[in-house]
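In what follows, a single structure is set out as structure tokens and then discussed.
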Amino acid sequence: MRNKSVFEKYNIEHLSASSINQFVHDPSYWVFKVMGRNGLVEFDNSVGISAHMGTAVHRALQNNLDGHMHDNPAPYELRDLLKYEWVDDKFKANDCGFDEKQIALAERNSGRMWYNAFTYYESTYLTEPLAIERKIEAFLGDVPIPFVGYLDFEYKNHVRDLKTGGRRVNKPSNDHQRQAAIYREVTNKTVFFDYVTPTESSPHQAIKMDVCEPYHNVPYIDHVLQIAKQMETYLSFSNDIFEVFAQKLPYFDHMYLWSEKNKKAASQLLGGTTQVKGE
């Protein structure tokens with residue numbers, strides 16, 4: 001039986017590509033999130049409208065891979081995610097935090113991305129995956145807790161992961177390379193990233209990840225395992241989770257991690273002015 005060591009102390013039952021990448025970008029954010037899951041600080045889980053839009057396109061494609069083109073279901077999925085509705089030809093946002101222009105643009109772009117994604121999957125005979133959103137879980141290397149992930153679309157010999165965005169990419173980012181390395185290691189299948197945009201000039205781009213490029217001459221899966229061990233070491237800095245959090249200043253400029261609420265709470269915590277939840 002594996003020793004869960006310091007991960008168990010903080011109720012961390014598994015790692016994922018997301019947690020690995022969060023730690024790489026800002027260890028303080030990752031620790032702050034761990035504190036939030038343990039009820040030690042108030043953690044804001046809200047995300048930007050781009051994330052909601054991506055989720056809507058994912059849901060629409062997953063729910064409609066039956067070989068038939070439906071009438072742009074992504075905007076309807078987005079409305080459900082934001083929990084708002086039309087009232088007297090106006091938005092009733094239900095305090096979702098986004099204004100009318102943001103929602104209208106997101107509806108338009110999510111509909112376009114849905115169309116581009118479905119058209120590509122239909123034209124390349126990808127409308128009958130073996131599994132959709134399949135959970136994978138496996139121990140890798142000598143990391144004492146398992147890695148967990150969810151495969152968007154799994155086929156006989158490969159896995160596909162849908163990425164939504166505003167522009168084409170030349171190659172997968174380091175974050176996506178790490179995700180692909182985990183998926184390949186667990187499934188032993190080729191991983192494809194399907195980058196979908198709302199534009200007509202570059203609606204879709206598939207990148208095959210049968211062999212991940214090395215990261216500074218280190219295979220990506222070894223790089224992932226190294227990061228996992230660094231996370232373990234980072235948590236072992238002190239028996240006090242607040243000292244662990246404060247050992248490095250947060251990188252508040254990372255717009256995809258820190259919300260304004262979390263930035264304020266973390267800043268107050270570092271200044272010693274925030275009362276810990278439950279005290």
Side-chain angles (χ1 to χ4, degrees), residues 2 4-7 12-31 33-34 50-51 54 58 126 129-197 204-236 248 251 254-257:
R2 295 175 182 237
K4 290 187 178 180
S5 65
V6 71
F7 289 121
I12 302 171
E13 298 179 347
H14 63 263
L15 297 177
S16 65
S18 175
S19 60
I20 289 287
N21 289 328
Q22 287 169 1
F23 182 82
V24 169
H25 290 295
D26 189 347
S28 296
Y29 175 83
W30 179 71
V31 174
K33 192 171 184 179
V34 169
S50 293
H58 273 79
L126 295 171
L130 296 178
I132 294 176
E133 200 71 9
R134 181 171 81 84
K135 180 181 179 180
I136 57 172
E137 183 172 358
F139 286 96
L140 301 177
D142 61 352
V143 180
I145 55 176
F147 284 81
V148 166
Y150 292 87
L151 309 178
D152 283 351
F153 306 102
E154 184 177 19
Y155 300 85
K156 182 178 180 180
N157 298 313
H158 70 277
V159 171
R160 309 193 77 91
D161 194 87
L162 185 69
K163 303 293 185 187
T164 56
R167 58 185 176 83
R168 287 175 65 91
V169 300
N170 294 321
K171 67 177 184 178
S173 65
N174 288 328
D175 284 11
H176 294 171
Q177 293 265 19
R178 286 185 279 265
Q179 179 185 0
I182 294 171
Y183 287 2
R184 286 187 65 250
E185 190 73 11
V186 176
T187 66
N188 196 32
K189 293 183 178 182
T190 298
V191 177
F192 283 86
F193 285 121
D194 292 321
Y195 293 94
V196 179
T197 74
H204 179 272
Q205 181 182 21
I207 298 182
K208 184 179 181 181
M209 302 289 293
D210 51 353
V211 178
C212 294
E213 296 181 7
Y215 182 84
H216 293 176
N217 297 319
V218 176
Y220 258 93
I221 189 59
D222 292 343
H223 173 51
V224 167
L225 299 180
Q226 289 172 356
I227 295 168
K229 298 304 290 184
Q230 290 173 2
M231 296 164 87
E232 191 173 19
T233 301
Y234 201 86
L235 287 176
S236 302
K248 185 176 180 180
Y251 179 48
H254 199 292
M255 60 182 297
Y256 297 109
L257 292 181

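Here, residue 1 is the first one in the sequence, and each next residue gets the next number.
- Atom CD1 in I227 sits 7.0 Å away from atom CG in N21 (nearest 0.5 Å).
- Contact of the F147 side chain with the L225 side chain is registered, since non-hydrogen atoms from C-beta on lie closer than 4.5 Å.
- Atom CG of D222 is separated from atom CD of E185 by 8.5 Å, given to the nearest 0.5 angstrom.
- Within the 3.5 Å criterion, the main-chain N or O of L162 finds a donor-acceptor partner in the side chain of H58.
- I182 has its side chain within reach of V224: a pair of non-hydrogen atoms, C-beta onward, lies under 4.5 Å apart.
- T233 has its side chain out of reach of V6: every pair of non-hydrogen atoms, C-beta onward, lies at least 4.5 Å apart.
- Put simply, OG on S18 and NZ on K33 are 5.0 Å apart, with the number rounded to the nearest 0.5 Å.
- With contacts defined as side-chain heavy-atom distances shorter than 4.5 Å, the pair T187/L151 qualifies.
- I207 and Y195 get closest at one heavy-atom pair: CD1-CE1, 3.8 Å.
- Note: H223 NE2 to Q226 CD = 7.5 Å, rounded to the nearest 0.5 Å.
- In this structure, the separation between CZ on F193 and OG on S173 is 7.5 Å, given to the nearest 0.5 Å.
- With a 4.5 Å cut-off on side-chain heavy atoms, W30 and V34 count as touching.
- A donor-acceptor pair shorter than 3.5 Å cannot be found between the side chains of E232 and S236.
- Here the closest heavy-atom approach between residue Y155 and residue P129 is recorded as CE2-CA, 3.5 Å.
- Scanning both residues, A228 and V143, for their nearest heavy atoms gives CB-CG2, 3.7 Å.
- In terms of heavy-atom proximity, I145 sits nearest to E13 at CB-O, 3.7 Å.
- Cation-pi geometry between R160 and F153 is not met at under 6.0 angstrom from the ring centre and within 45 degrees of the axis.
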Determine all donor-acceptor pairs shorter than 3.5 Å in which one atom belongs to a side chain in residues 134-141; sequence neighbours excluded.
from, atom 1, to, atom 2, distance (Å)
R134, NE, E154, OE1, 2.5
R134, NH2, E154, OE1, 3.3
R134, NH2, E154, OE2, 3.1

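- Between I20 and Q179 there is no side-chain heavy-atom pair separated by less than 4.5 Å.
- The aromatic ring centres of H176 and Y183 sit 6.0 Å or more apart.
- Donor-acceptor pairing under 3.5 Å is recorded for the side chains of H25 and D175.
- Atom NZ of K248 sits in a sparse spot, with 12 or fewer heavy atoms from other residues, nucleotides or ligands closer than 6.0 Å.
- Taking 4.5 Å as the limit, some side-chain heavy atom of K208 sits within range of a side-chain heavy atom of T190.
- R184 and V191 get closest at one heavy-atom pair: CG-CG2, 3.4 Å.
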Full working for side-chain contact (heavy atoms from CB on, under 4.5 Å) between F23 and Y29: CA-CA 7 Å; F23 182 82; Y29 175 83; over 6 Å; no
Determine whether K189 and N157 satisfy the following criterion, side-chain contact (heavy atoms from CB on, under 4.5 Å), listing intermediate values before the conclusion. CA-CA 6 Å; K189 293 183 178 182; N157 298 313; 5.9 Å; no
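- Contact detail for A206 and D194: the closest heavy-atom pair is CB-OD1, 3.6 Å.
- Two residues are said to be in side-chain contact when any heavy atoms from C-beta on lie closer than 4.5 Å; D161 and F192 fail this criterion.
- Under the 3.5 Å distance criterion, with hydrogens and angles disregarded, no donor-acceptor pair is assigned to the side chains of K163 and Q205.
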